[in-house]
Amino acid sequence: MPDALRPLPPLLLLGTIWGATPGFVKYLGGIGWPPFLIATCAGAGSAVILILLCRMRGLALPLSRAHLRHYVVSGLTGLAAANLVGFTALQHIPAGFFSLLVPLSPMLTVLGAAMLGMERVTPRRILGTLLGLSGVLLAMAPGAALPDPAMLPWAFLAALTPVCYAASNLMAVKLAPRDTPPLVLAAGTLSAGAVGLAIVAAASGHMHAVPLSGVPVSALQAAATAGAFMLYFRSLGAHGGVVTSQAGYVITITGLAWGWVLFGERPGWLTIPAALLVFAGLALVTLPGRRLTRSGA
């Protein structure tokens, strides 16, 4: 395979897996699972899977101050906080609409990096951000991906999810320990995030008995989350954050497709121009950009 195409297969797989996440959440929420419990089970299950894989490969989780700081910061922002707001909002908004928000993460990441002096601010990137935000706002309009204006408060809550992802990406750039295998970073991040989720779920009264029919779906979600984080950290290490962020294109498309297949969601005609604006904005912000660092996105 040509070197330029090597990132494509993992990005397609990563986007397909993460695009299915809203489907898992909406199904489990529909049968009575509270959102914080859904997030906790996904985080804890995926952490156990990756820790077992680390043990099978003879990899230990370093517990130095630098590693612990990376696990906690990445886990609490990129997993715990993002899932808490996202999974809560998904009980009230279409899965397809949620997928349109995902490309905001790489756009906000690059802009945040520019503000921190890690990337150069250019008119092209400013224009790209404005286009992307315009696409999201259009998706919230009547006749687009958000069918009911009453969902707007939940839509704005869901929009905090890519903000959390972007914050996690930027802080991971500063805190990522060198020469640590991607599998180890993924396992540590998921472990720290799962602990944070469990604390919030317990404090919120979400840790209670739920229909057992959802257990297989929750287990599948945990396995998918584990696989996605493995792909994510491996892609970060091999191709850099800007390339990895292009999974946002795939997530938007597959998220809309999963919403249609699983829940019969039929986005309005305005969804097409909204998605085109988001894609155009993401391309202007990220495609010609330089790598942030070895592990940033």
Side-chain angles (χ1 to χ4, degrees), residues 1 6-21 23-25 28 37-80 82-83 165 168-169 171-173 175-199 201 207 212 214-241 243-244 247 250-251 254 293-297:
M1 180 181 293
R6 289 187 183 277
L8 189 57
L11 290 184
L12 289 173
L13 182 56
L14 179 61
T16 301
I17 294 173
W18 266 339
T21 296
F24 290 124
V25 177
L28 291 172
L37 178 62
I38 298 172
T40 300
C41 290
S46 57
V48 169
I49 292 171
L50 293 191
I51 290 173
L52 290 176
L53 286 175
C54 285
R55 292 182 63 87
M56 291 171 59
R57 298 185 182 184
L59 298 173
L61 265 66
L63 299 178
S64 68
R65 179 176 297 180
H67 283 88
L68 288 175
R69 184 168 58 242
H70 180 272
Y71 301 155
V72 170
V73 171
S74 297
L76 293 184
T77 54
L79 180 71
N83 285 357
Y165 288 147
S168 175
N169 292 338
M171 286 187 281
V173 170
L175 302 178
R178 294 186 176 275
D179 303 320
T180 304
L183 178 59
V184 171
L185 291 177
T189 295
L190 285 170
S191 298
V195 171
L197 287 166
I199 292 172
M207 300 285 276
L212 296 180
V215 171
V217 176
S218 181
L220 181 60
Q221 182 187 9
T225 301
F229 268 82
M230 286 178 60
L231 286 168
Y232 173 71
F233 278 101
R234 181 167 295 181
S235 182
L236 284 178
H239 307 296
V243 172
T244 302
V250 186
I251 294 171
T254 57
T293 67
R294 174 180 57 85
S295 62

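Everything numeric here is computed off the predicted structure, so don't read it as measured data.
In plain terms, the two heavy atoms of P62 and A60 that are nearest each other are CD-O, 3.1 Å. Taking all atoms of both residues into account, the shortest heavy-atom contact from A224 to F24 is CB-CE1, 4.2 Å. Contact between A228 and I17 at its shortest, heavy atoms only, is CB-CG2, 3.8 Å. For the pair R69 and L175, the tightest heavy-atom approach, listed with the atom from each and the gap, is NE-CD2, 3.5 Å. The two residues L28 and I38 have their closest heavy-atom pair at CB-CD1, 3.6 Å. Across all their heavy atoms, L185 and P177 have their closest contact at CD2-CD, 4.1 Å.
Between the CG atom in L13 and the OG1 atom in T16 there is a gap of 6.5 Å [rounded to 0.5 Å]. Taking CG of L14 as the start and CZ of F229 as the end, the distance is 9.5 Å to the nearest 0.5 Å.
The side-chain contact (heavy atoms from CB on, under 4.5 Å) test with M230 singles out one residue from L190, L183, I49, T225, and that residue is L183.
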When the side chains of residues 40-47 are checked against the rest of the protein, which donor-acceptor pairs come out under 3.5 Å, sequence neighbours left out?
residue : atom : partner : partner atom : Å
T40     : OG1  : F36     : O            : 2.8
T40     : OG1  : L197    : O            : 3.2
S46     : OG   : A42     : O            : 2.7
S46     : OG   : G43     : O            : 2.9

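H70 places a side-chain heavy atom less than 4.5 Å from the side chain of T189.
Contacts classified as side-chain hydrogen bond (donor to acceptor under 3.5 Å, both in side chains) and involving residues 52-67 (residues at least two apart or in different chains) are given here: S64-H67, H67-T180.
Remark: L61 pairs with C54, Y71, V184, A187 by the side chain to side chain contact (heavy atoms under 4.5 Å, CB included) rule, at least two apart or across chains.
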